[in-house]
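Below, chains carry the letters A, B, ... as their sequence lines are ordered, and counting in each starts from 1.
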Amino acid sequence: DAMVIQNPRYQVTQFGKPVTLSCSQTLNHNVMYWYQQKSSQAPKLLFHYYDKDFNNEADTPDNFQSRRPNTSFCFLDIRSPGLGDAAMYLCATSRISYGQGNQPQHFGDGTRLSIL
Amino acid sequence: GNSVTQMEGPVTLSEEAFLTINCTYTATGYPSLFWYVQYPGEGLQLLLKATKADDKGSNKGFEATYRKETTSFHLEKGSVQVSDSAVYFCALSPYGGATNKLIFGTGTLLAVQP
């Protein structure tokens, strides 16, 4: 089955130690998204790629960065994780909707990040 | 601006009860509307969608109708099961965006008891 795969499912890092989360997709979708989800909250969009074009949300901290080396892979880099960055990080993909906004997003199972 | 308002949870029901989770939205133009479900420890799964007024989305016994006159997209199921216990998110995607950005409601936790 075509899908969105996130690795690892659980990641533990130390305060201030850089960490990278990865996402791959077999759907061949043009758009990839990264979300942060804290307990009992809705996912919060950090940024997305439309092909190679990077689009940052206005309130995403500079500590969060992303790379998309090709269509299939996208990475989330947290340069200096703080305790407040402990959360579930979700990757999603979608087709382009040509202005209609009607294509659903397909989510991976997420990476739960813990900060020691 | 665009926003989604969902009923507060948790919603606790007995097995085979009727479910309604209310969702209303504010948006310009003609957004697409979605319900996503999140089981514990997992990502979000698309449950159903509707892309224009009066469309009815349905899947796995769940239904929701896009009501433009009341700006609503309420989720219903006639007979819930314990396996339906999860968090349900209502979301909209504004018309005119190529990249399908989602605006989520706060989510509603459903707990179904045997």
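- Using a 4.5 Å cut-off between heavy atoms, B/Y36 contacts chain A through its side chain alone, with no backbone atom that close.
- Side chains of A/H106 and B/Q45 form no contact here, defined as non-hydrogen atoms less than 4.5 Å apart.
- Grouping the Ile, Leu, Val, Met, Phe, Trp and Tyr side chains by contacts below 4.5 angstrom, directly or via other members, places A/Y89 with A/Y49.
- Tracing side-chain contacts under 4.5 Å through hydrophobic residues (I, L, V, M, F, W, Y), one never reaches A/Y33 starting from A/L46; they form parts of separate clusters.
- For chain A, the nearby part of B/T51 is the side chain; its heavy atoms alone come within less than 4.5 Å.
- For the atom pair CG (B/L102) and CZ (A/F107), the distance works out to 6.0 Å, reported to the nearest 0.5 Å.
- Within a 6.0 Å sphere centred on CZ of A/R112, other residues, nucleotides and ligands contribute 12 heavy atoms or fewer.
- Within 6.0 Å of CD in A/E57 there are more than 12 heavy atoms belonging to other residues, nucleotides or ligands.
- Proximity of a side-chain donor or acceptor of B/N100 to a complementary backbone N or O of A/S94 within less than 3.5 Å is not detected.
- You'll find the side chain of A/N102 stays beyond 4.5 Å of the side chain of B/Y95, heavy atoms only.
- Neither the backbone nor the side chain of A/Q6 comes within contact range of chain B, judged by heavy atoms closer than 4.5 Å.
- Chain A forms the most heavy-atom pairs under 4.5 Å with one residue out of B/G41, B/G43, B/A91, B/G107, and that residue is B/G43.
- In the displayed structure, A/D62 atom CG is contacted under 6.0 Å by at most 12 heavy atoms of other residues, nucleotides or ligands.
- The minimum heavy-atom distance linking A/A42 with B/G105 is given by the pair CB-O, 3.3 Å.
- In B/E69, the CD atom is crowded: over 12 heavy atoms of neighbouring residues, nucleotides or ligands sit closer than 6.0 Å.
- The pair A/R9-B/E42 does not count as a salt bridge, with every side-chain nitrogen at least 4.0 angstrom from each carboxylate oxygen.
- For the atom pair CD of A/Q105 and CG of B/L46, the computed distance is 10.0 Å after rounding to the nearest 0.5 Å.
- A heavy-atom distance below 4.5 Å is not found between the side chains of B/F104 and A/L45.
- Open room surrounds NZ on B/K52; 12 or fewer heavy atoms of other groups in view lie less than 6.0 Å from it.
- The local environment of NZ in A/K17 is sparse, with at most 12 non-hydrogen atoms from other residues, nucleotides or ligands closer than 6.0 Å.
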